[in-house]
Structure formats: structure tokens, C-alpha cells
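Computed from heavy atoms alone, side chains included, the values below leave out hydrogens, waters and symmetry copies. As the structure lists them, so they are numbered: ligands from 1, and atoms in each ligand from 1.
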Amino acid sequence: MVVLVIMGVSGSGKSSVAEKLAEKLSCSSKDADEFHSMENKKKMTEGTPLTDEDRLPWLLAIHAHIQSLHGQTGIVTCSALKKMYRKILLNGHDKSIPRHSDVLFFYLKGSYELLAERLSQRKNHFMPPSLLKSQLETLEEPDDSEKCLTLDISESLDSIVSRALHYLQSCGLS
Ligand SMILES: Nc1ncnc2c1ncn2[C@@H]1O[C@H](COP(=O)(O)OP(=O)(O)OP(=O)(O)O)[C@@H](O)[C@H]1O
Ligand SMILES: O=C(O)[C@H](O)[C@@H](O)[C@H](O)[C@H](O)CO
């Protein structure tokens, strides 16, 4: 089976989708926020976007977690906004050797308006809605060279999860 990375900007539904999908696949799920340093969390809470330097140790820690699954099925949520970040998740520091052919990205795609509405309604989360603009400016959508399925966040959670499961079945991955 595969490691599934649920990616997209803040508020795109990564945690919500991961929770339901992990239930359906009976597998582990880790939230990228668990890997952030106190400094990174403080910065975001104060409304300051993270830089590439801030994100590097965090991405490497998530990469190490993916490696630690040793090919077991698992889900990880991570904004994974830039192509370079996704390469780090796959290969760590070593950019030349793709080690993880068995990692698949699910990209949760949505409009600014819908994301802003969902973030404005969300309670008890450290990530302020004001960071949405910078998240979208930083985002580089996955291209055809990346193993990724794009999912439309305007659909219901159940529908998104069932599309993801259907895709895994059609690839012979579940
Ligand atoms: N498909 C959906 N339909 C309706 N509401 C949704 C959907 N997906 C997520 N939501 C709601 O949108 C909000 C944001 O979702 P969630 O917290 O899962 O996003 P996230 O990508 O994990 O955010 P962050 O990266 O900031 O932690 C939540 O209140 C969630 O209940
Ligand atoms: O790359 C980033 O700027 C961060 O990962 C953010 O996306 C937050 O961690 C997350 O969205 C809040 O839960």
C-alpha cells in the first residue's frame, strides 16, 4: 500500500479528510501540525507566514515520519505548498534519489472565497484566517510529473473521501 499525503492550504479540509479516510482504510494518520516547533506555531498564531527556512526542519521531520512507516499504509496531512517542499517530503535532503515511489498526494483544491468562509467559521484553531492570502500566494499546485489526485473541496466530505477511495481502488492500491 501507500503513504497518502493530504495537502492544500490552511482550511482546505486536510484534517477532516484525513480523519475519515483513516477510518475507512483502518490506518494511522498524523497531522503535520504535530511536527511544528513552538517557534513556528507562535509565528503563525501571530499572523506571520512561515519562510522556507522555518519550514525546512518541519518538512524533514515529516519526511522522517514517512520513512518510519516502512511501507505500511499511513496518512499524513501537510500543506506541502511548494513543489520543493513536496520533494523534501519524498526524498529528505537527498534531492537526487527518489526513495518513495509509494507516496501519493491528494490535493484539496478550493477557491479563496470558500476557504475564507470555512476559516472564518472554524473555532479553536491557532492558524488565523488572515494567513490564507499568503498560503495561496505560496501555493504551487502539483503538476503532471507528480503523483497526485486533485479533489474539489466544494464537495461534501463524504464525497471527497469516496472519490479518494475509488481512486485508490482503480490504481490497485487498496
Ligand atoms: N468538504 C467540506 N465541506 C464542508 N466543510 C468542510 C469540508 N472540509 C472541511 N470542512 C470544514 O472546514 C474547516 C477547515 O477544515 P480542516 O480544519 O479540516 O482544514 P485543514 O486543511 O486541516 O486546516 P489547517 O491546515 O489550518 O489545519 C473545518 O471547520 C471543517 O469542518
Ligand atoms: O506551511 C505552512 O504555512 C503551515 O503548515 C500551515 O499550513 C499550517 O501548519 C497549517 O495549515 C495549520 O494547520
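Put simply, the side chain of Tyr107 reaches to within 4.5 Å of the side chain of Pro142, judged on heavy atoms. With contacts defined as side-chain heavy-atom distances shorter than 4.5 Å, the pair Leu69/Lys30 does not qualify. Inter-residue side-chain proximity for Glu23 and Val161 is flagged as unmet; no heavy-atom pair is nearer than 4.5 Å. Here the side chains of Leu89 and Met7 are not in contact, with every heavy-atom distance at 4.5 Å or above. Using a 4.5 Å heavy-atom cutoff, the side chains of Leu157 and Val17 are in contact.
Considering backbone and side-chain atoms alike, Leu119 places every N or O at 3.5 Å or more from each N or O of ligand 1. Between His36 and ligand 2, a contact under 3.5 Å exists for at least one N or O pair. Taking only nitrogen or oxygen atoms, main chain and side chain alike, Arg118 reaches within less than 3.5 Å of ligand 1. Here's the thing with Gly13: one of its N/O atoms is less than 3.5 angstrom from an N/O atom of ligand 1.
Look at Lys43 and Glu39 and you find no salt bridge, because none of the NZ, NE, NH1 or NH2 atoms lies under 4.0 Å from a carboxylate O. Under the 4.0 Å criterion applied to side-chain N and carboxylate O atoms, Asp31 and Lys14 are not assigned as salt-bridge partners.
Between atom 9 (O) of ligand 2 and the options Leu139, Asp33, Leu131, the minimum heavy-atom separation is to Asp33. Closest heavy-atom approach to atom 21 (O) of ligand 1 within the set Glu117, Met7, Lys20, Lys14: this belongs to Lys14. When the heavy atoms of Met44, Arg55, Glu34 are ranked by distance to atom 2 (C) of ligand 2, first place goes to Arg55.
For atom 17 (O) of ligand 1, the closest non-hydrogen atom of the protein is Arg122 NH1, 2.8 Å. For atom 1 (N) of ligand 1, the closest heavy atom belonging to the protein is Glu155 O, 2.9 Å. The nearest heavy-atom contact from the protein to atom 31 (O) of ligand 1 is Ser16 OG, 4.1 Å. Looking from atom 26 (O) of ligand 1 to the surrounding protein, the closest heavy atom is Ser10 OG, 2.6 Å.
Taking the six-membered ring where tryptophan is involved, the planes of His65 and Phe35 are tilted, since the angle between them lies from 30° to 60°.
In this structure, NZ in Lys82 is found 10.5 Å from CG in Leu59, a value given to the nearest 0.5 Å. Once rounded to the nearest 0.5 Å, the distance linking OG1 of Thr73 with CG of Asp102 reads 9.5 Å. Taking NZ from Lys109 and CG from Leu149, the interatomic distance works out to 12.5 Å, rounded to the nearest 0.5 Å.
Residue Ser10 approaches ligand 2 through these ligand atoms, each under 4.0 Å from one of its heavy atoms: 11 (O). Counting the atoms of ligand 2 from 1 in the order shown, those under 4.0 Å from a heavy atom of Trp58 are 1 (O), 5 (O). Close approach of ligand 1 to Ile160 (heavy-atom distance below 4.0 Å) involves ligand atoms 1 (N). Residue-ligand proximity, His125 to ligand 2, at heavy-atom distances under 4.0 Å covers atoms 12 (C), 13 (O).
Heavy-atom separations between His125 and ligand 1 include at least one value shorter than 4.0 Å. Residue Tyr85 places every heavy atom at 4.0 Å or more from ligand 2. Distances shorter than 4.0 angstrom do not occur between any heavy atom of Gln121 and any atom of ligand 1. Under the 4.0 angstrom criterion for non-hydrogen atoms, Ser12 is in contact with ligand 1. Residue contacts with ligand 1 include Gly11, since one or more of its heavy atoms lies under 4.0 Å from the ligand. Heavy atoms of Ile153 come nearer than 4.0 angstrom to ligand 1 in at least one pair. Proximity of Val9 to ligand 1 is established by a heavy-atom distance of less than 4.0 Å.
Only the side chain of Ser79 comes within contact range of ligand 2, with a heavy atom under 4.0 Å; no backbone atom does.
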- Task: Go through Leu81 and Arg55 one step at a time and tell me if the side-chain contact (heavy atoms from CB on, under 4.5 Å) criterion holds.
- Result: CA-CA 10 Å; Leu81 298 177; Arg55 288 184 179 116; 3.9 Å; yes
- Run the numbers on Asp158 and Lys20 for salt bridge (Lys or Arg N to Asp or Glu O under 4.0 Å), then give the verdict. CA-CA 8 Å; Asp158 283 344; Lys20 280 195 176 252; 3.0 Å; yes
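Judged purely by distance below 3.5 Å, without hydrogens or angles, the side chains of Asp143 and Ser145 pair a donor atom with an acceptor atom.
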